[in-house]
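Here the structure comes first, spelled out in structure tokens, and everything after it is commentary.
Both ligands and their constituent atoms are indexed starting at 1 by order of listing.
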Amino acid sequence: MDIKALVAQMTLEEKAGLCSGADFWHTKAVERLGIPATMVSDGPHGLRKQDQAADHLGVNDSIEAVCFPAACATAASFDRDLLRRMGEAIGDSCQHEQLSVVLGPAVNIKRSPLCGRNFEYFSEDPYLTGEAAASFIEGVQSRNVGTSIKHFAANNQEHRRMSSSSDVDERTLREIYFPGFETPVKRAKPWTVMCSYNRINGVYASENRWLLTDVLRNEWGFDGYVMSDWGAVSNRPAGVAAGLDLEMPSSNGVNDKKIVEAVKAGKLAEADVDLACERILNIVYRYVENAKPDTPWDMEAQHALAADIAAECMVLLKNEDAILPLSKADSIAFIGEFAQKPRFQGGGSSHIHCFKTTSALEAAKGLNIIYAQGYDVAADAATDDMIAEAVAAAKAAKVAVVFAGLPDAYESEGYDRSHMRMPECQVKLIEAVAEANPNTVVVLHNGSPVEMPWLDKVKGVLEAYLGGQAVGIALVKVLFGDVNPCGHLPESFPIKLEDNPSYLYYSGEPRGTEYREGVFVGYRYYDKKKMDVLFPFGHGLSYTSFEYSNLRLSADCIRDTDALTVTVTVKNTGSRAGKAVAQLYVGDVEGDVIRPVRELKGYEKVELQAGEAKDVTFTLDKRAFAYWNTTLHDWHVETGDFTIEVGASSRDLPVCARVRVESTVKVPVHYDADSVFMDIMKDPKAVEAIRPLIDAMNATFRHEYDQDSAAKEAITDDMNDAMMNYMPLRGVLSFGGLPGEVLEEILRKLNG
Ligand code: BGC
């Protein structure tokens with residue numbers, strides 16, 4: 001299909017029309033030219049395809065589909081292959097349902113535990129987010145249907161989500177909030193990108209040319225179309241000029257007209273409208289030419305896959321006295337309504353109409369289970385009778401498992417949480433059960449961290465996150481040891497909400513939110529401040545144990561253009577098979593730039609039989625050592641030593657090595673009279689330039705000082721040197737008694 005030729009045949013009105021949806025879910029057809037409509041659908045962890053009444057909040061019904069674990073869970077798998085397989089299954093469903101694009105993955109960073117939509121997002125870490133999203137996209141798109149990576153960018157809260165400005169500095173955007181998009185755009189080439197509702201530093205994402213064109217297309221090479229989030233358009237002509245190709249769902253013609261008027265008035269180049277149409281049609285035809293509506297959709301097989309995936313995502317947070325796995329021979333109490341009706345997905349546009357669900361209670365049929373409801377989710381309360389029944393069940397069982405977490409209303413698209421607590425009735429229940437039976441385990445269903453005031457009273461905690469419609473099957477497999485847990489936390493669990501670095505500024509009023517914590521998001525902050533956390537980033541236990549040893553680097557010293565290979569041996573030292581997640585963190589030891597202590601730059605999941613050992617290899621390139629330099633507006637490595645730490649979590653890093661990385665790029669420096677000696681002395685060339693000045697200073701000031709024993713007593717040489725560090729060059733006029741021409745001459749040399 002010659003897309004350019006096709007666009008050339010369209011009238012301005014037809015082109016403007018193509019730049020918005022026909023309805024809630026379709027691009028427009030142009031019958032005159034045989035251009036077909038295509039359908040898009042939510043996303044991200046299954047299909048929410050609406051045949052009838054449409055909405056973007058998950059209110060009206062959609063077709064029956066399969067709900068896979070949400071991103072909060074799949075990120076915990078630290079497993080690229082798993083994400084790819086899930087993507088493939090969703091891609092097949094899209095082909096079956098004739099959907100051109102699935103609206104996901106959602107990759108915004110979990111900046112605060114409060115964001116109502118955290119369950120749909122992967123992690124607090126940009127590297128993990130980028131890797132997980134890229135794998136998911138590769139999976140979906142291997143089926144010749146598209147994805148829409150969303151919500152670009154800095155959409156980290158629901159509070160005032162359609163108008164709020166996310167005020168973020170350049171370095172923080174680049175290091176924290178962009179890589180979740182950048183890596184997938186570069187590696188997996190999503191067909192579409194969805195821009196976010198919010199403004200970024202005052203400019204709506206939907207009309208932000210720097211974001212949608214300079215960064216996304218020109219720097220990262222994105223070649224698909226950008227669509228708006230549903231209703232994210234404020235100024236449509238400005239959006240077209242900025243690089244927003246498709247407005248969704250539509251403005252019922254109002255904005256199409258504005259595009260036409262703007263072109264006619266010479267305020268918008270028709271070439272920009274043409275370009276938007278070309279980009280939309282490229283993707284329309286990419287789908288149409290590869291459509292395979294006869295692709296089977298085996299929902300039962302996908303239900304089983306959803307269960308397998310969920311099991312790989314569960315994080316064993318605590319396992320005192322090896323309380324887990326449970327024995328199938330023992331009598332076990334399942335307590336809490338979530339055992340019967342699990343919370344396995346979140347509310348809003350990602351809400352899936354499941355063709356079936358399996359609860360833990362159902363999956364455990366045939367085992368010796370005593371069930372007690374414990375609390376009423378709808379009423380968010382536990383009566384005395386419920387607690388008494390739960391206590392009796394706990395007493396009658398060898399081990400009590402309490403199914404707890406956040407009810408639907410506690411976290412959802414559209415609004416944020418106001419605290420990090422679990423429902424009071426559940427806390428009361430856990431405490432009562434733990435008192436009745438010291439062998440108590442808590443299973444958690446939540447999309448984001450919760451406070452755990454009861455943690456010391458229970459022996460085990462299993463974080464199931466929102467594990468999809470088959471979560472019950474996965475839970476029973478993990479609880480009873482058919483699957484060895486291998487998930488790791490994709491986020492830190494702070495002890496209390498106030499510990500979170502965004503706490504003071506989150507939400508922001510009334511204009512927006514300032515990201516004042518900068519790059520210190522999640523563990524980057526807790527580690528820098530050496531703070532205790534409830535559970536650190538990357539934490540996750542297993543029913544076996546692993547040992548890390550023999551860390552080897554391919555070189556002790558590299559240039560920033562070289563790759564470094566890191567190899568470590570991981571051994572299963574326990575008595576059953578299991579999967580370890582080897583995590584690699586890099587830290588800058590001696591740079592001048594304020595940076596986190598360590599940052600995740602590699603991970604590999606490795607399966608090991610009891611007693612087996614395997615080498616795991618990572619390859620690190622410049623980005624693993626670089627920070628975003630705001631003078632260069634580029635990634636930069638400061639020459640110096642870096643730590644390479646490997647282990648099982650951000651706070652369990654038993655093997656460590658150092659590498660020296662030498663920069664091949666010089667950051668340009670401009671010296672002026674206010675430049676201080678300390679900075680100048682770092683640059684050998686500059687030192688040469690100011691040598692005469694230093695000599696002259698020594699000859700006067702220094703000489704006098706050396707002769708003056710009282711002065712020498714008052715100020716030691718070291719003190720003197722330290723004070724000189726901060727002396728600006730102009731100080732030589734006041735303190736060195738040198739003529740102004742000397743300073744001018746020196747500055748000429750320094751900048752020459
Ligand atoms: C959400 C998007 C979603 C869209 C369509 C919006 O409210 O932010 O994530 O894809 O609706 O349902």
Side-chain angles (χ1 to χ4, degrees), residues 20-27 38-63 65 67 70-72 90 94 97 99-110 115-122 129 133 136-137 140 145-164 166 180-181 184 190-200 204-206 224-234 244 246-251 345-353 411-416 447 466:
S20 66
D23 57 27
F24 233 80
W25 303 117
H26 292 87
T27 59
T38 52
M39 186 171 190
V40 303
S41 221
D42 286 310
H45 40 262
L47 300 189
R48 187 176 72 97
K49 182 187 177 196
Q50 289 185 315
D51 277 340
Q52 308 294 325
D55 72 278
H56 64 300
L57 294 172
V59 180
N60 295 308
D61 231 348
S62 48
I63 60 160
C67 177
C72 56
I90 291 176
C94 287
E97 285 298 324
L99 297 172
S100 62
V101 171
V102 61
L103 304 176
V107 301
N108 299 100
I109 291 293
K110 294 169 98 167
C115 174
R117 233 175 156 175
N118 273 347
F119 68 88
E120 250 183 282
Y121 300 148
F122 288 107
T129 299
F136 175 81
I137 293 168
V140 175
V145 290
T147 51
S148 193
I149 190 168
K150 65 189 187 182
H151 311 86
F152 191 48
N155 180 187
N156 311 94
Q157 65 186 46
E158 290 299 280
H159 181 75
R160 292 182 185 263
R161 69 168 169 163
M162 295 182 81
S163 57
S164 171
S166 300
F181 296 93
W191 289 14
T192 80
V193 167
M194 188 191 292
C195 78
S196 56
Y197 284 127
N198 53 288
R199 305 168 205 243
I200 295 143
Y204 274 116
S206 61
Y225 70 75
V226 177
M227 71 175 92
S228 72
D229 198 345
W230 268 231
V233 169
S234 173
L244 171 63
L246 179 67
E247 172 180 12
M248 286 303 283
S250 82
S251 62
Q345 65 171 330
S349 61
S350 68
H351 202 269
I352 284 153
H353 179 179
E411 52 178 357
S412 165
E413 176 177 344
Y415 57 90
D416 288 333
L466 303 188

Salt bridge (Lys or Arg N to Asp or Glu O under 4.0 Å) pairs, two or more places apart, involving residues 146-158: Asp42-Lys150, Glu158-Arg161

Mutual orientation of the aromatic rings belonging to Tyr121 and His151 [parallel < 30°, tilted 30-60°, perpendicular > 60°]: perpendicular

Any Asn108 side-chain heavy atom under 4.5 Å of Phe181 side chain: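 Counting from C-beta outward, Asn108 and Phe181 do come under 4.5 Å.
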
Any side-chain heavy-atom pair of Cys72 and Leu466 under 4.5 Å: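 A side-chain contact under 4.5 Å exists here.
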
Side-chain donor-acceptor pair present, Ser250, Ser20, cut-off under 3.5 Å: no

Minimum heavy-atom distance Ile137-Pro184, with the two atoms named: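 Heavy-atom minimum between the residues: CD1-CB, 3.7 Å.
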
Close-range residues for ligand 1, whose non-hydrogen atoms fall below the 4.0 Å threshold: Trp25, Asp42, Arg48, His56, Leu103, Arg117, Lys150, His151, Arg161, Met194, Tyr197, Asp229, Trp230, Ser349, Glu413

